[in-house]
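Structure, as structure tokens:
In what follows, chains carry the letters A, B, and so on, assigned in the order in which the sequence lines appear, proteins first and then strands, with residues in each chain numbered from 1.
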Protein chains: 2
Amino acid sequence: MATIRDVARKANVSIATVSRVVNNNPHKVNQATRKKVLEAIRGFDYRPNALAKGLLMKKTMTIGIIIPDISNPYYAEIVRGVQDMADQYGYAILLLNTDRNQDRIIRHIYFLREKSADGIIFSGGIIHGEKVLSSLKELIERVVVIGRHKVDFPAVIIDNVGGAMKATQHLIELNHKRIGFIGGPDKSTTAKERVSGYKNALIQRGYPMNSELTRKGDLTARSGYLLAKELIQKEKPTAIFAANDLMAFGAISAAKESGLRVPEDLAVVGFDNILFSSYYVPPLTTVEIPMYHVGAAAMEMLVNLIAKKNAEKLRWFDTRLLVRDSTAKRKLGKE
Amino acid sequence: MATIRDVARKANVSIATVSRVVNNNPHKVNQATRKKVLEAIRGFDYRPNALAKGLLMKKTMTIGIIIPDISNPYYAEIVRGVQDMADQYGYAILLLNTDRNQDRIIRHIYFLREKSADGIIFSGGIIHGEKVLSSLKELIERVVVIGRHKVDFPAVIIDNVGGAMKATQHLIELNHKRIGFIGGPDKSTTAKERVSGYKNALIQRGYPMNSELTRKGDLTARSGYLLAKELIQKEKPTAIFAANDLMAFGAISAAKESGLRVPEDLAVVGFDNILFSSYYVPPLTTVEIPMYHVGAAAMEMLVNLIAKKNAEKLRWFDTRLLVRDSTAKRKLGKE
DNA sequence: CTGAAAGCGCTTACAG
DNA sequence: CTGAAAGCGCTTACAG
């Protein structure tokens, strides 16, 4: 790979001059020299070495995104949003999966520090452990989190509680009395918010709190399937609200296998509105979150944070209940 | 962030010595000195700067993975495999989406060269355009592709043709006469292989080639839905083979909406076996590809390629037909 | 307008 | 066993 030195030699100028034309430095460069340099650059197909530049400038145009698992469509969609925004600003993203394991989080943070990442976006899992925080060091001022965290980082917040309430109220309005809930692991703040939404709604309407009707899953379709089977057999709910679409799919699958019709014998609501939930059979009633935009917003906040301008501390996203056939029998267009 | 200089000063040694203990250099370091250095390192929570190291060593322990779209579960699963293997070897991965756009591919390649990536994994799309190849430059020896390409890169190959043949034969054996096919864009070699498998199987059994029965989609559920609707109305197939699971979901959704029962009135087969296809209703008959292992294998090959050892040029993955309820009415466990 | 020089944080031959 | 020095490829004040 050609270096700035090669270009300088070819164009018969100093490397300083080459640097100036490469970076469109405000420093004036004579038209003729610029042309010579540009030609040499083209000749070599020269690209400045980002490592050298990063080392000197203490800016790498690289950020890390730490998520539980990219194979979960929820995170994949967020990452896509982050990615597209990062592209626009010329940032590269380093993707890191944690499987919600604290040690891996810490290892990833160290890794990002070694690589001189300019910032970090966190989504999923809890990052307020003392060890996690202290491992952040100089990066601690360059963190944006998605979701609510005890620590006061700039954050993109999704109205999970409100969304879960809407979903539950919807089931109540359809006259369901025994509404089961399939939640996520305690490590997921998102999942915890969704349970509270569910409970809030029940309390508000004077429902008895019936803890046999709730289960904790791991947010996979498989877990939704297994827990729904159990719930159906033991508790005979007439409706199930699952903390995400994947588990809702599993629940519907379990219902069908148990000979129940959806929604007639069992209504099911999900959460997230992942890309294909409107193509499920029946189309899934769910709570929509604009994951893509959440990711994009997080990246935008991080860019501003790094540039130290516009110290926006919070971005709030509302949710929207999408009623489809898994709860109500009416025809709706696909979205 | 503390530098090697800080550590050296604190431990009263030269930076060379610090470097030696950090890197477990074979060069002998006295026990006592080593201890002093280790203490200083712990004191500062020192991490070597990867940029400086990379610049010097011409090795960054970073690779790029270029895919069409991370929000497609197929690629997400591959990326997860790449990721886990990369973790094991201490590599970071830079994720880049192309949306199958040639210009973006080229931009991404330049980007990776600037960042001094040690290698590239390509999946999806065609990379044999002259412009793409020449943009690779010094990286051209550090490329592993997933899927078949005209250019002779080390590759992980999936038996798409064979898988598509098995799927089609399965439908033929169920006595279907009008078997529709919903494929992917021409830019996808994978999709093209799957059409050929379909055609091969038909020809083998002496079926007339009926091009009205085939459609080209874009591999999303939405596109499967739209094309299946059209196919159902115009061509009245009794079975549809979709080039991926997402489109198969869309097709089933369209069938139900058109009042057709699946599999009785319309049998549907997908391809990929993405995580939740066994939780679809009905569970989807599909061709399984071990995406995760494909990703992991690609990363392993790239690591070896970079280390210049074990010049494995090809890794072959077989596919497996999973018969579930969308084609045959028999009870099967979930997987 | 242009260039020589310092320096970002490392590793490794070389000398002692 | 340990250290001084060179050098990876850049940018930017400083001098001319």
- Message: Just to be sure I understand the geometry, which residues of residues 9-17 of chain B put a non-hydrogen atom under 4.0 Å away from DNA chain C?
- Response: B/Ile15, B/Ala16

- Task: Would you jot down, in residue-number order, the residues of residues 42-64 of chain A having a non-hydrogen atom under 4.0 Å from DNA chain C?
- Result: A/Leu55, A/Leu56, A/Lys58

- Message: Looking at B/Thr60, is its backbone amide N or carbonyl O close enough to the side chain of B/Thr62 to form a donor-acceptor pair, meaning the two atoms are under 3.5 Å apart?
- Response: yes

Could you tell me whether [X] and [Y] have a side-chain N and a carboxylate O separated by less than 4.0 Å?
{"X": "B/Arg315", "Y": "B/Glu300", "result": "yes"}
{"X": "A/Asp45", "Y": "B/Arg113", "result": "yes"}
{"X": "A/Lys10", "Y": "A/Asp6", "result": "no"}
{"X": "B/Asp69", "Y": "B/Arg100", "result": "no"}

- Item | Modelled atom types, side-chain donor and acceptor of B/Asn23 and B/Lys53, under 3.5 Å | yes

- For DNA chain D, the expected dot-bracket line (Watson-Crick or G-U under 3.5 Å, [ ] crossing, | inter-strand) is |||.||||||||.|||

Partner residues of [X] under the side chain to side chain contact (heavy atoms under 4.5 Å, CB included) criterion, sequence neighbours left out:
{"X": "A/Lys58", "result": "none"}
{"X": "B/Pro154", "result": "B/Val144, B/Met301, B/Leu305, B/Lys313"}
{"X": "B/Ile93", "result": "B/Ile63, B/Ile65, B/Val79, B/Val82, B/Gln83, B/Ala86"}

- Query: For A/Thr33 and C/dC1, is the shortest distance between a side-chain N/O and OP1 or OP2 below 4.0 Å?
  - Reply: no

- Message: Is the phosphate of D/dG9 approached by A/Thr3 (side-chain N or O, under 4.0 Å from OP1 or OP2)?
- Response: no

Could you check how far [atom1] of [X] sits from [atom2] of [N], rounded to whole Å?
{"X": "B/Ile4", "N": "D/dG3", "atom1": "CD1", "atom2": "C1'", "answer": "13 Å"}
{"X": "A/Arg5", "N": "D/dT11", "atom1": "CZ", "atom2": "C1'", "answer": "12 Å"}
{"X": "A/Arg20", "N": "D/dC10", "atom1": "CZ", "atom2": "P", "answer": "15 Å"}
{"X": "A/Glu138", "N": "C/dG9", "atom1": "CD", "atom2": "P", "answer": "12 Å"}

- Item | Between CD1 on residue B/Ile109 and CG on residue B/Leu139, distance to nearest 0.5 Å | 8.5 Å

- Reported OG-to-CD distance for the pair A/Ser135 and A/Gln102, which is rounded to 0.5 angstrom: 9.5 Å

